[in-house]
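Heads up: the structure comes next, in structure tokens.
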Amino acid sequence: MEEMDKVYNPSFEKRIYEKWMRGKYFEAHVNPEKEPFTIMMPPPNITGQLHMGHALDETMQDILTRFKRMNGYEALWLPGTDHASIATEVKIIEKLKEEGLTKEEIGREEFLRRAWQWKEQYGGRIVEQLKGLGVSCDWSKEAFTMDENLSSAVKEVFVKYYKKGLIYRGSRIINWCPECKTALSDAEVEYEEQQSNLWYYKYPIKGEDDAIVIATTRPETMLGDTAVAVNPKDEKMAKYIGKTVVLPLVGREIPVVGDDYCEIGFGTGAVKITPAHDPNDFELGLRHNLPIIIVIGEDGLMNENAGKYQGLDRLAARKRIVEDLTALDLMVKIEPYAHNVGTCYRCGETVESLVSKQWFVKMKPLAEPAIKAVQTKKTEFIPQRFEKIYYNWMENIKDWCISRQLWWGHRIPAYYCDDCGEMVVSKNDVDVCPKCGGKMRQDEDVLDTWFSSALWPFSTLGYPKKTKNLSYFYPTTALVTGYDIIFFWVARMIFSGIEFMGEPPFSDVIMHGLVRDAQGRKMSKSLGNGIDPLEIVNNYGADALRFSLINGVAPGSDTRFSKEKIESCRNFVNKLWNASRFVIMNIKEDDDLTMPTRLNGADKWILTRLNDVIKEVTVNLNKYEMGMAAAKLYDFTWSEFCDWYIEMSKNALYSDNKAQHNHAVSMLVYVLTEILKLLHPFIPFVTEEIYSKYSNGRVLMVEEWPTFNKKFVFRKEEANFEGLKEIVVAIRNIRNEMNVAPSKRVNAYVIAKDEKFIASAVTYLNKLAGVGDVKFVKSKEEISERTTAVVTHDAEILIPLGELIDEKKEIERINAEIAETEAIIKKTQALLANTAFVAKAPQKLVDNEREKLEKAQDKLEKLKDKLNMFA
RNA sequence: GGAGGCUUAGCUCAGUUGGUUAGAGCACUUGCCUUACAAGCAAGGGGUCACAGGUCCGAGUCCUGUAGUCUCCACCA
């Protein structure tokens with residue numbers, strides 16, 4: 001057998017990944033014999049650098065994919081990257097800026113050339129980073145949201161929506177980022193609280209010596225005011241309805257209107273209305289037929305409608321207007337005020353609301369079936385609580401602004417004729433106007449990046465072509481992603497899938513939380529507390545990283561990443577490594593490694609435990625409870641296989657008796673192999689590497705997942721060995737307390753119910769508890785030496801320790817044990833005295849309690865006897 | 001304003017449909033270089049499961065309320 005390093009060193013990971021790639025084990029093909037299992041990887045942005053969130057996301061998907069693959073599914077995990085329209089464009093503009101250039105200077109064509117160059121460079125990099133995590137995805141199907149086929153899917157979908165009347169173009173109030181110079185959807189705006197002021201100032205009433213005081217956080221928008229609103233039910237203010245006020249600084253006469261929107265008791269009871277620059281005002285303007293006057297341009301500067309303030313930045317204009325109003329003695333007061341300000345999710349600039357002509361998707365008709373799909377459980381959120389977030393959004397959804405004033409992305413397939421004004425929406429380029437024969441030009445804008453990601457589950461499989469892959473792998477099985485992306489992506493995939501494929505794109509949406517730093521803070525660039533997964537992979541190995549992200553984490557909840565955690569997982573991998581090393585180095589040339597047919601008690605015990613673990617872990621994984629599955633495997637591997645079974649096998653393993661040795665080693669190999677298979681989805685590299693040392697070229701990742709086998713369940717032996725473990729622990733405890741040197745053997749007298757079993761286990765007592773000779777007796781009277789006793793359910797072990805016994809200490813110890821036992825007796829008696837319990841609780845539970853009481857009473861008697869010996 | 005999560009050992013967290021004496025890792029105490037592993041082995045200490053009620057034979061688990069804390073959504077000028 002091959003030599004293994006004494007300490008686990010993950011340097012083999014790259015080699016293992018190449019082996020998998022060479023074997024094409026990741027590739028999935030249409031196979032009617034098998035049931036498909038499909039996961040679409042959430043495509044990372046090509047701007048990206050792999051972060052901990054990706055590491056968690058990919059690990060979960062890889063666990064599921066490998067698990068299902070081993071379970072005989074045709075498992076497809078399709079990877080890819082996202083062009084990330086706005087995010088990438090921002091990056092490229094930044095880079096241009098370093099060269100002293102703007103995108104306008106280099107022009108669209110050159111800009112796109114650079115964008116594609118960026119894609120080649122950084123898209124490739126993130127793919128390499130993913131591979132370092134061990135992802136078993138089918139790279140032969142790797143997709144990019146701007147691939148030719150995916151682009152044709154986008155056009156197809158756009159045209160279909162348009163023909164159905166679900167896409168329209170119109171002037172609406174939208175979110176505008178003055179920095180990125182593009183429209184944004186509602187989901188792309190993030191709100192943050194900012195300290196500002198509430199300015200109170202007067203709007204004089206025309207022809208009267210009176211004025212309405214209004215309050216606003218945005219004085220600069222007053223230039224675009226076209227009304228003042230008061231609540232008609234407001235006794236104090238209603239009298240103003242119908243009057244006209246003269247807009248200060250501007251001189252425009254605007255009406256006072258009555259509308260419920262103005263809340264009684266807030267501010268002054270009167271609101272200035274700027275339909276062009278506030279969504280609520282826009283709605284109110286529609287209700288009251290108010291004109292829309294745009295005063296802030298797309299560059300964030302005051303425009304020609306702003307009079308003398310034209311050209312000023314919004315904030316500068318605000319300052320000047322406040323000064324001017326004060327000079328006119330119209331300013332009443334200025335109060336400090338905290339309010340939420342919308343910011344661009346990409347560049348952080350304060351977002352402006354403004355009226356602009358854009359493309360929209362009509363959401364109501366699409367949202368309805370999407371809500372229903374979740375209600376009828378065609379798609380389930382895991383954990384379920386996330387569906388509430390989904391419903392909340394879908395039920396209150398507004399039309400989706402999909403046009404972006406950017407260059408990098410899918411260009412909107414709409415064509416305009418400047419001669420006659422005709423517009424054509426078409427999958428194919430249109431050069432000539434079908435109406436007047438004039439020249440057509442394509443819409444300058446591109447689509448929201450999420451428009452194409454919404455099609456990901458089917459565009460990657462060939463849509464709009466009716467491919468075999470599409471009909472076999474769609475709908476997909478599971479989507480794994482963070483809860484922060486429900487609106488952007490999950491919701492939009494669901495309605496797109498239903499609309500174009502007739503079925504929701506996946507049956508399970510598995511949500512995971514955020515990976516936070518050791519203090520529980522969100523990892524972020526600005527805080528500088530981000531941890532680079534690649535660095536962790538280099539220092540500890542991808543397996544340790546994967547395990548630390550999964551182990552013991554409850555579904556959907558955030559986790560912390562800490563040095564302690566990664567170290568303890570690395571230690572676990574090392575433990576597995578060394579246990580395997582031990583087993584492998586004890587394999588001899590002529591050993592037959594097939595599992596023995598005659599099993600001894602210890603074998604039966606470990607096989608029973610193994611089978612229970614197989615059953616539980618399989619159930620957990622099928623329910624996507626990866627954290628629990630990992631924890632169980634950790635525990636079984638370390639605390640049962642390593643701590644007990646390997647130790648118990650050593651005598652036979654080292655035996656000169658060839659058959660005995662062979663029995664031990666083949667059992668160890670069997671159990672180890674099952675463990676490697678079970679752990680493989682979690683820690684694929686190290687398990688594959690270990691397996692390769694003795695598998696004669698077989699590859700672990702394509703082995704079959706272990707199944708529960710009734711034939712290997714032996715409840716009696718299991719109970720016997722649990723009892724034996726208890727005895728061993730109790731003896732060790734006594735030795736420890738009595739300060740018996742670890743090397744010193746102690747003899748023991750045993751009074752046992754099942755003498756035969758203990759007799760068969762004497763070798764384990766020798767090995768594990770440092771026991772020398774064992775003598776079976778029927779009662780204490782047969783023993784003349786002074787002894788200390790270990791009392792368990794199954795047996796009483798009396799250990800002569802001679803002068804080592806510190807009587808005082810021993811009495812203390814026994815008294816403590818008596819107290820503990822009495823407490824159990826008291827509690828159990830009380831429970832059994834409760835007639836309602838006996839009548840209503842399951843019989844098995846009642847029996848258990850009775851048995852427990854009996855055992856405790858028995859034990860108490862023995863303990864008291866023992867105490868009497870000292871009295 | 002609306003919704004949801006969390007509160008369990010010193011710290012970080014598990015705890016699957018209510019059912020033995022509530023678990024793990026780290027930290028801590030004691031003893032060990034025992035021929036797989038000191039990234040280890042053995043033994044041990046440490047918890048009124050936030051609080052108050054309720055349902056039930058039985059509650060960390062279900063219900064109601066309170067407090068603290070975090071997040072999401074909406075956004076009232």
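Since we're looking at a predicted model, the values are computed, not measured. Residue numbers begin at 1 in each chain, while the letters A, B, ... track the order of the sequences. Only heavy atoms go into these numbers, but all of them, side chains included; no hydrogens, no water, no symmetry mates.
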What N/O pairs connect the protein and nucleotides 27-33 of chain B at under 3.5 Å? Give each pair on its own line.
none

Q) So with a 6.0 Å cut-off around NZ of Lys650(A), is the heavy-atom count from everything else above 12? A)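 Result for NZ/Lys650(A): enclosed.
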Q.
Is it true that, when you exclude Lys615(A) itself, more than 12 heavy atoms of the residues, nucleotides or ligands shown sit nearer than 6.0 Å to its NZ?
A.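 Incorrect, the count does not exceed 12.
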Are any of [X]'s side-chain N or O atoms less than 4.0 Å away from OP1 or OP2 of [N]?
{"X": "Lys575(A)", "N": "rC41(B)", "answer": "yes"}
{"X": "Trp638(A)", "N": "rC41(B)", "answer": "yes"}
{"X": "Lys855(A)", "N": "rU20(B)", "answer": "no"}

Using the ring-ring contact (aromatic ring centres under 6.0 Å, His included) criterion, which residues pair with [X]? Sequence neighbours excluded.
{"X": "Trp577(A)", "answer": "Phe12(A)"}
{"X": "Tyr624(A)", "answer": "none"}
{"X": "Tyr261(A)", "answer": "none"}

Please determine, for the side chain of [X], which listed nucleotide ([options]) has the closest atom?
{"X": "Lys565(A)", "options": "rU12(B), rA39(B), rU21(B)", "value": "rU12(B)"}
{"X": "Cys262(A)", "options": "rA36(B), rA42(B), rA77(B)", "value": "rA77(B)"}
{"X": "Val7(A)", "options": "rG4(B), rG44(B), rA39(B)", "value": "rA39(B)"}
{"X": "Asn571(A)", "options": "rA39(B), rG15(B), rA36(B)", "value": "rA39(B)"}
{"X": "Ala841(A)", "options": "rC37(B), rC76(B), rG19(B)", "value": "rG19(B)"}
{"X": "Ile824(A)", "options": "rA36(B), rC41(B), rU21(B)", "value": "rU21(B)"}
{"X": "Met585(A)", "options": "rA39(B), rA36(B), rC76(B)", "value": "rA36(B)"}
{"X": "Ala554(A)", "options": "rA43(B), rA14(B), rU16(B)", "value": "rA14(B)"}
{"X": "Asn620(A)", "options": "rA36(B), rU16(B), rC26(B)", "value": "rU16(B)"}
{"X": "Ser568(A)", "options": "rC75(B), rG25(B), rU16(B)", "value": "rG25(B)"}

Q. Taking atom types as modelled, is there a side-chain donor on Asp278(A) or Thr274(A) under 3.5 Å from an acceptor on the other?
A.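 Result is no, nothing qualifies.
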Q: Go through the side-chain N and O atoms of Glu188(A) and Tyr345(A) and say whether any donor and acceptor fall under 3.5 Å apart.
A: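 Indeed, the side chains of Glu188(A) and Tyr345(A) share at least one donor-acceptor pair under 3.5 Å.
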(Q) Tell me every residue that passes side chain to side chain donor-acceptor pair (under 3.5 Å) with Asp643(A), counting only those two or more places apart in sequence or in another chain. (A)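 Asp643(A): no side chain to side chain donor-acceptor pair (under 3.5 Å) contacts found.
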[atom1]-based separation of [M] from [N] [nearest Å]:
{"N": "rG4(B)", "M": "rC63(B)", "atom1": "P", "value": "12 Å"}
{"N": "rG19(B)", "M": "rU66(B)", "atom1": "P", "value": "28 Å"}
{"N": "rG5(B)", "M": "rA77(B)", "atom1": "C1'", "value": "32 Å"}
{"N": "rC62(B)", "M": "rG68(B)", "atom1": "C1'", "value": "23 Å"}
{"N": "rC11(B)", "M": "rU16(B)", "atom1": "C1'", "value": "26 Å"}
{"N": "rA67(B)", "M": "rC51(B)", "atom1": "P", "value": "16 Å"}
{"N": "rA24(B)", "M": "rC49(B)", "atom1": "C1'", "value": "16 Å"}
{"N": "rU8(B)", "M": "rA3(B)", "atom1": "P", "value": "25 Å"}

Q: Take Thr673(A) and Tyr694(A), measure what side-chain hydrogen bond (donor to acceptor under 3.5 Å, both in side chains) needs, and give me the verdict at the end.
A: CA-CA 10 Å; Thr673(A) 304; Tyr694(A) 67 91; 2.7 Å; yes
Q: May I ask you to say what Tyr8(A) touches in the nucleic acid, namely base, sugar-phosphate or nothing, with a heavy-atom cut-off under 4.0 Å?
A: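 Since a base atom lies under 4.0 Å of Tyr8(A), the category is base.
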Q) Looking only at heavy atoms, which two atoms of Arg735(A) and Gly770(A) are closest? And how far apart? A)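 Reported closest heavy-atom pair: NH1-O, 3.0 Å.
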Return the value, rounded to whole Å, for the distance between atom [atom1] of [X] and atom [atom2] of [N].
{"X": "Asn551(A)", "N": "rG15(B)", "atom1": "CG", "atom2": "P", "value": "12 Å"}
{"X": "Lys767(A)", "N": "rC41(B)", "atom1": "NZ", "atom2": "P", "value": "15 Å"}
{"X": "Lys563(A)", "N": "rG25(B)", "atom1": "NZ", "atom2": "P", "value": "19 Å"}
{"X": "Tyr390(A)", "N": "rG4(B)", "atom1": "OH", "atom2": "C1'", "value": "18 Å"}
{"X": "Met394(A)", "N": "rA3(B)", "atom1": "CE", "atom2": "P", "value": "21 Å"}

Q.
Salt bridge check, Lys623(A) against Asp508(A): does any charged N sit closer than 4.0 Å to a carboxylate O?
A.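 No, no charged N to carboxylate O under 4.0 Å.
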Q | RNA chain B: 5'-proximal contact among Lys272(A) and Val583(A) (nearest heavy atom) | A |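 The residue closer to the strand's 5' end, by nearest nucleotide, is Val583(A).
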Q: Name the residue closer to the 5' end of RNA chain B, choosing between Val728(A) and Phe582(A) according to the nucleotide with the nearest heavy atom.
A: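 This one resolves to Phe582(A).
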Can a donor-acceptor pair under 3.5 Å be found between the side-chain atoms of [X] and the base atoms of [N]?
{"X": "Asn574(A)", "N": "rC37(B)", "result": "no"}
{"X": "Lys6(A)", "N": "rC37(B)", "result": "no"}
{"X": "Arg570(A)", "N": "rA39(B)", "result": "yes"}
{"X": "Glu625(A)", "N": "rA14(B)", "result": "no"}

Q | Side-chain (Arg581(A)) to main-chain (Tyr8(A)) donor-acceptor, under 3.5 angstrom | A |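 No; judged by distance alone, with no hydrogens or angles, the pair does not exist.
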Q: Extract the stems that RNA chain B is part of, considering only consecutive pairing runs of at least three Watson-Crick or G-U wobble pairs, both distances under 3.5 Å.
A: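 Detected stem regions: B:1-7 with B:67-73, B:10-13 with B:23-26, B:28-32 with B:40-44, B:50-54 with B:62-66.
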Q. When the ring planes of Phe582(A) and Tyr654(A) are compared, do they come out parallel, tilted or perpendicular, using 30° and 60° as the limits?
A.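 It falls in the perpendicular class, over 60°.
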Q) Under a 4.0 Å heavy-atom cut-off, which of residues 628-637 of chain A touch RNA chain B? A)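 Heavy-atom cutoff 4.0 Å gives Met628(A), Lys632(A), Tyr634(A).
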Q.
Can you pull out the residues from residues 212-227 of chain A that lie within a 4.0 Å heavy-atom distance of RNA chain B?
A.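 Heavy-atom contacts with RNA chain B come from Ala215(A), Thr216(A), Thr217(A).
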Q: With sequence neighbours excluded, give me every side-chain hydrogen bond (donor to acceptor under 3.5 Å, both in side chains) pair touching residues 385-399 of chain A.
A: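 Sorted result for residues 385-399 of chain A: Tyr168(A)-Asp399(A).
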Q. Which residues pass the salt bridge (charged side-chain N to carboxylate O under 4.0 Å, His left out) test with Lys575(A), sequence neighbours left out?
A.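 Counting only residues at least two positions away or on another chain, Lys575(A) forms no salt bridge (charged side-chain N to carboxylate O under 4.0 Å, His left out).
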Q. Listed by chain and number, what are the salt bridge (charged side-chain N to carboxylate O under 4.0 Å, His left out) partners of Lys859(A), not counting sequence neighbours?
A.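 For Lys859(A) the salt bridge (charged side-chain N to carboxylate O under 4.0 Å, His left out) partners, ignoring immediate neighbours, are Glu817(A).
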Using atom names, set out every protein N or O paired with an N or O of nucleotides 70-73 of chain B below 3.5 Å, distance rounded to 0.1 Å.
residue, atom, partner, partner atom, Å
rC73(B), O2', Asn392(A), OD1, 3.3

